[in-house]
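See structure below.
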Amino acid sequence: MGDTREQRTLSYNELLVLQSLAEGCRYGFEVMSLTGLSGGTVYPILRRCEAQRLVSSSMEDADDAHAEGRPPRRFHTITAAGQRALGAAREDLIARHRALGLIRP
Amino acid sequence: MARPGGGFSTWVYALLLRCYPKPFRERHGEEMTHVFAEGAAAARESGPIRWLWYLSGALWDPVRNGLAERIEDAKKDRSAGDAIMRSVRGPNERRGGRMESWIGDAKYALRTLLRNPGFTVVAVVTIGLGIGANTAIFSVVKTVLLDPLPYDDPDELVMLWGEMRNRGVTHFPSSPPDLRDYREQADLLQDLEGVFSFQIALTGDGDPVQVNAGSVTPGFLAMLGVEPILGRGFVEEDGTPNDPNFLPGQPGALPGMVLLSHALWQQRYGSDPSVVGRTVELGGGPGEILGVMPRGFELLLPAAAALHDPIDLWIAARIDFDNSPRNNVFLRPVGRLRDGATSGQLQAQVDRISTDLAALDQVKSTAGYAMRVEELKSDLTSDVRAVLVALFGAVVFVLLIACANVSNLLLVRASGRDRELAVRAAMGGSRGRLIRQMLIESGVLALAGAVLGVLLAAGGIRVLLALQPGDLPRIEGVGIDLPVLAFTLLAAAVAALVFGTIPALQASSFELADALKERGQARGGRGSKLLRNGVIIGEVALSLVLLIGAGLMVRSFVELNRVEPGYEPAGLLTFNAAPPFAAYPTAQDRVNFKIGLAQRLETLPGVERAGAGFPLPLAGDLFNGRYGPEEALTNPEAFGQAAYRFIMPGYFEAMGTRVLAGRTFTLADVADSAAVVVVDELVAESLWPGESAIGNRFLVRVVSPEPEWVEVIGVVEHQRAETLASDGMEAVYFHDVYTGGFGGSWAVRTGVDPLSLVPQIRAELAALDANVPLADVRLMESYVDQSMGPTRFALTLIGAFGLLALTLASIGLYGVLSYVVRQRTSEIGVRMAFGAARSGILKLIVGHGLLLSGAGIALGLLIALPLTSVMDTLLVGVQPTDSLTFLGISVIFVLVAALACYVPARRATLVDPVAALREE
């Protein structure tokens, strides 16, 4: 099923999440505050995108987190494949918006 | 995952995260919880509305997305074609074990439900409310009524109550020789022990305090199977009698053998184990501490035993069983049955002994003496059983109504699912499979409702504990435990069957071809209409019954608020300050103490009047005795029973009790201590109907063993003393000095905030005698409030459930009529095309609704008539079949029903005939 993944178009929410990662967000809650999506939406998208290798993630150092008195966070970065998918989706979106007259050329 | 901090909502959120598959949770759970907690904290700072708004969104979020995630996972496991087959045919029809296919059905049900979030939320919340109410009330019923008492073989324990049937006395204490006779002669009893309680000053170690002492025969605690955790329990020698006229703390008396309650041991002695063997001062006499009782041990006896609560220390009663007079009654007998003996057999045996005892004693035989055997547990809960049964009935009704609503929702929804079901049937799904699938859907709904219900119940129990009137034994132990959860599951299962069966049968029995051809209309058949209407009629009937119950409680509460108690509670302070016998050995000493204290108190600014009197109304103490006319000397059956109260001058004035004739006591009455009494209007009316009572003489028995003559100097209004809800016993008031100056309760009438005077009162008391503790400081209003507690409790809960039922029923009515309007759109269109007026259409639909509710109301009235008698003991001044309530509630119901009908009816009048016909 690996082939179908690359071709699958991103959903609107996935686009928002990837775009926020591209803009420099790293943590789930940053994505949430920037996109206005709920945690229940953001985290599954992150996981799905990671499974599709559009996003990679790693845990922050546990000692640092505990020093700040919170659980360690997982930070995410967008991969090259993610950038490509995002680029394609963004163009697609812009084209549609233009066609719909939401954006004037 | 570690349980995060941040309180209950975070805990719930972490719980709800379980909707996600495990790998997901392990990966993101902790972080999500943290983010939630921070968000919740931030929202909380912006005020409660923002907080609730945040919670409602954030808590729903994991449920919706978590379940979606699980479905996503499940889908991934299968090939695309497989998934399509599945969604058409239902899961796992070909393969897999039984269990797997059930799980598959459940997953399919979940998916179907999530596709209709609106329907699902309404159904789950409706069922959740019903189950939550049931869970909360059941947890109370279980703890209070069902759990065994915390003693050895508690089912063997019995209470023995004296009765004087000719005088309406049902809970008379026993004298020591009577107790001994029953103990020796009733061989169906292993043990028979006695208990009574009093308040006494504990002095010597630190400030003097007044403690509640439980005085027991030495074998009492061992009979219950309770051992001290420290030191030793009572043995026979600890009860070796004192003087025949033993008074607690009398000089020269043997020391009182004492077991401390765990709480007193902690508070006063700092849990010091070396207290065992220490000598303390009790009421001025010596006491020896033998040991400490276990934490949480309490003596659970019915309120009629009039024991002080809580008991701070236990004393082995030094009673001379052979020489105590038989008319000195103060012991509450508690016994343990022999193995295999029943209380019925014991009653027969006790009856024979009682007959023998009555034959020896003229008073007993003429008063209709008997001894009644009651099983301790059922006796303990007899006062509260009615309210709990009524509440349990109410919540069962609420759940049934909730089920009716969901059932109707399912019926309506089923009509929209014809095609889905038809496709499944066409592809070989058997009728049984379809029914099963739909029942599993109901099960999933009910389970979700149960989860919500448990959360609601957890909150509801806190509210219950805050509302409870204080007369529910063991209420502090109420909580959600395994048996309660088991009950919740059972309730959910029953609910699923109740609301799921009819729609499942209905939906699976349809004409396949019709359904495939048509849309929407196939379900409009006569059978299903009857069903829907039947469900609504039942629903209206049940809610009417509940609302009538609520109406009766409202009337009771209004009556209770209107009661003239015979005193003026506002501005009245009460407390206890009793002269100890050791320091004040004679009656005159004790009365002088009270005169002195009253004079000191009345010099305080803000104090208008102060008077001692025992027992105070509503404070829980009862003391009663005989009274009768001269005829009673020759015919003892002429004796009645009256409450005896022992009062000082100033008592009536402080209480605000009106004097109807004659005068009240003065200090001059103290000097000559003549046998003069004040009686209340009930005594006056019963002895001298229609005449003046002043100057008349009658018989009482208070200081001597034989009837004695007293003269009436005044008549006062009747004081409601046992409870606010009923008149209670007539009362005779004795001058305190005449009866020995016992008791030490005080009534202080103030012109300022009564509690602001407490420090000055304490100072005046200390100045008079530093060894006398000031205790039980309470506003009379709080006693009145407490007395209204059970009524208020029942009113609040039955009222809340009644309103919930009314709301659910009107939603149900509204839903069904909306559906009817949708079904009949074309018919309405035709009617209007042929010139029917809009008002006619309105009448048609409202008429339909009112017909349904009318039938429901009629049925409800029929059900309510016999059922409300359950509430008889909860009602005050109103009959269970009060016609005003029945009528009023019915009218309210018609109005609400009319409103619920009006909205869909109005929509019907807006039908555009042309559009409606074109659709046809």
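Quick caveat, the model's predicted, so the values are computed rather than measured. Chain A is the first sequence line, chain B the second, and so forth, proteins listed ahead of strands; every chain is numbered from 1.
In A:L100, the CG atom is crowded: over 12 heavy atoms of neighbouring residues, nucleotides or ligands sit closer than 6.0 Å.
Note on ring orientation: taking the six-membered ring where Trp is involved, the planes of A:Y27 and A:F29 are parallel (angle under 30°, cut-offs 30° and 60°).
The candidate from A:P72, A:P44, A:S38, A:S57 with the greatest count of non-hydrogen atom pairs under 4.5 Å with chain B is A:P44.
Residue B:H34 is tested with B:E38, B:E30, B:E31 for a side chain to side chain donor-acceptor pair (under 3.5 Å); the sole match is B:E38.
Within the 4.5 angstrom heavy-atom criterion, only side-chain atoms of B:Y20, from C-beta onward, approach chain A. Heavy-atom distances place the side chain of A:M32, and not its backbone, under 4.5 Å from chain B.
Of the possible donor and acceptor atoms, one in the side chain of A:T79 sits under 3.5 Å from a partner among the backbone N and O of A:R53.
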